[in-house]
Amino acid sequence: MAIQASDERTRVRSAVLAVRDLRVYYHTPRGAVRAVDGVTFDIKAGERLGLVGESGSGKTTIALALMRLIRPPGRIEGGEVLVDGTDLLRLAEEQMRQRRLAVIAMVAQGAMNSLNPVIRVRDQIADALKDHGVRLSKAELGSRIADLLQHVGLGPHVADMFPHELSGGMKQRVCIAIAISMQPKVIIADEPTSALDVVVQRQVMETLRNVQLELGAAVILVGHDMGLMAQAVDRLGVMYAGTLAELCEVRAIFEEPLHPYSQLLIASLPSLDKKGVFQGIPGLPPSLLNKPKGCPFRPRCPKAFDKCVDVEPLLTEVKPGRWVSCHLYDVDGVPA
Amino acid sequence: MTALLEAKNVGKTFGGGLFDKVRTVALRDFSLGIESEPPSILAVVGESGSGKTTLARLLLGLVGPTTGQVLYRGTDLRSLSGTQRKQFLRDVQVIFQDPYEVYNPFYYVDHVLETPVQKFGLAASRAEAREKIEETLRAVGLRPDETLGRYPHQLSGGQRQRIMVARALLIRPRIIIADEPVSMVDASLRATILGSLRELNQAFGISLIYITHDLTTAYQISENIVVLYRGSVAEVGDVEKVVGDPKHPYTRLLVGSVPLPDPDKAWHGEPPPSEEARKAAAVPHDGCAFAARCPDAMQICREERPPLYQLDEHRAAACYLYLGQPEIGADEIGKVMVPPTREPVSLPVS
């Protein structure tokens, strides 16, 4: 037991970000909505981790919780978010504010609409730097901003433009430039390309990848596009009803998905190779308000059996590097 | 035979007036005829700003064309008589992109289904109307007891979008124009909704114009495809050919930019544009709109707009790479389309 514990500690140390049993509930008059209900994962420096799931599966809530930006009625109920051994959830608000952008930065969903329409790009980037105590002369600031813009593939003249003069893809790249301005260790990108078309999407993802490689930062990419995930991440976590259904290396999940939900999800993807019969996943995700006991996917699962009704499966490593929460893979479970 | 719905050399220009001097050509000299029999599925793809939504709005009569005409059974949409207009509103239905915005939040969702029943006198009694609505909901894979009598906010995006499909079906139209119907819906539901749309086409004989930026779903659902770039047709024809072996450099770029759900198939396509390319793109010229981004651009591309060249029986591309192939007019794109193979299905009398 003691050996196991020390193993656990070394693993956490090599991880730049470790999330342990994170729980975020939204408190409504009708009860608590368990948006994130016990999520555990690690991410190493330089690694790209994807989180996919349907709307309401809790992926954006995780992203906001890591930044500690959950607003009432939402509340982080428990768990740990360790960055280099420091639990972000226990920091005072001011300490956390200093770490945002400097340690952990976020490119939000539809981030291009988060730029202030009446302020030039230059001042929006400078604002972020100043707020984190970077004191530079005017000339130094100018070259720093030009440098940041160049990192995301934009020319220095963009600094003097207003957001409305930029295309969607350029705005999104400005947001990435702001996110990397303090060289964070972790970048969270929440559907960074969901409003862009395919050509621009690829350019933005490429930009994100390049800056990530240069900084050696870890990236958490949140989204619902499995194709994008296949192209952009190293490991993939599949979210379902506030929990991780499966977490493993991205290639493995496309080759041999283990969780029945991942299997159906991958079967439902249209491809450019062959025309197939459309196969959606029947049913709807469960209400996270007064979540019933047992496996959340059970009502839609073609492989459900007795145990799934009463016992909620836990995320377990069933093969090296492959984590699944499904009773099919229990030691005493009924084999598929 | 007169086409049910026809666009004849339609063009739409925005701006250029007193206050907005910049003229934006959203669609240029576009012609397309949709016959009612046999039912067909046509996909219109393009990036933002390619004119695909303008095309949908023109075909629906929501905006008037600047040049050319949109004809319904041979009559210009602007000069339809009262009865014709009512018939048009019934025959041509639309499904919009955002299933969150089309509902009035103060009414039960029943309202969007009951209104067309009343307006078009589809049922003789309340009981019959109810029965019809329930039957239609089941046809798109919804359980009536789980959907009727609820407010829009109590339903998921997928359910709301399927109710819109049900509403379109309830009216038994001949054409459904679907403008990005699944872009705001989760992947697991996307397949189900597209499945319902295809079923409408096969079982109820409804033609479908599927407007999207997503090549994969366009490929899955349609027979023919029109690729638009800045308001002009770049490539048109059999979807298998256009997507399987794209000929126009823009179509190649689009196909290459689709992130495939397979980590072993690398993503390719256009790198972010360089400074020079961006400056070159800003220089207006009369040539091909894609010339500034095109890896194969030649001198002629910047001087003259390329016509459509017919490359084989079922495909045409507007690109000077194919100079020397037979030219076809912009109003002849129907010639290269694959005729629908399905047996025409007779419409149930409603």
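Labels below follow one simple rule: chain letters A, B, ... track the order of the sequence lines, proteins then strands, and each chain is numbered from 1.
When side chains are defined from C-beta on, I266(A) does not count as touching P261(B), because their heavy atoms never get closer than 4.5 Å. Side-chain contact between S257(B) and Q201(A) is absent, with no heavy atoms from C-beta onward closer than 4.5 Å.
The local environment of CD in E165(A) is crowded, with over 12 non-hydrogen atoms from other residues, nucleotides or ligands closer than 6.0 Å.
Contacts between V45(B) and chain A at a heavy-atom distance below 4.5 Å are absent for every atom of the residue. Only the side chain of L269(A) comes within contact range of chain B, with at least one heavy atom under 4.5 Å from a heavy atom of that chain. For M205(A), the part lying near chain B is the side chain, with the backbone staying farther off; criterion is any non-hydrogen pair under 4.5 Å. With a 4.5 angstrom heavy-atom cutoff, E240(B) touches chain A only via side-chain atoms.
Among D214(B), V243(B), T216(B), the residue with the largest count of heavy-atom pairs under 4.5 Å with chain A is T216(B). For chain B, the option among M226(A), Q231(A), E54(A) with the highest count of heavy-atom pairs below 4.5 Å is Q231(A).
Of all the heavy atoms in A191(B) and S268(A), the pair that sits closest is CB-O, 3.9 Å.
To the nearest 0.5 Å, atom CG of residue L253(B) and atom CZ of residue R202(A) are 9.0 Å apart.
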Go through L215(B) and V198(A) one step at a time and tell me if the side-chain contact (heavy atoms from CB on, under 4.5 Å) criterion holds. CA-CA 9 Å; L215(B) 266 182; V198(A) 285; over 6 Å; no
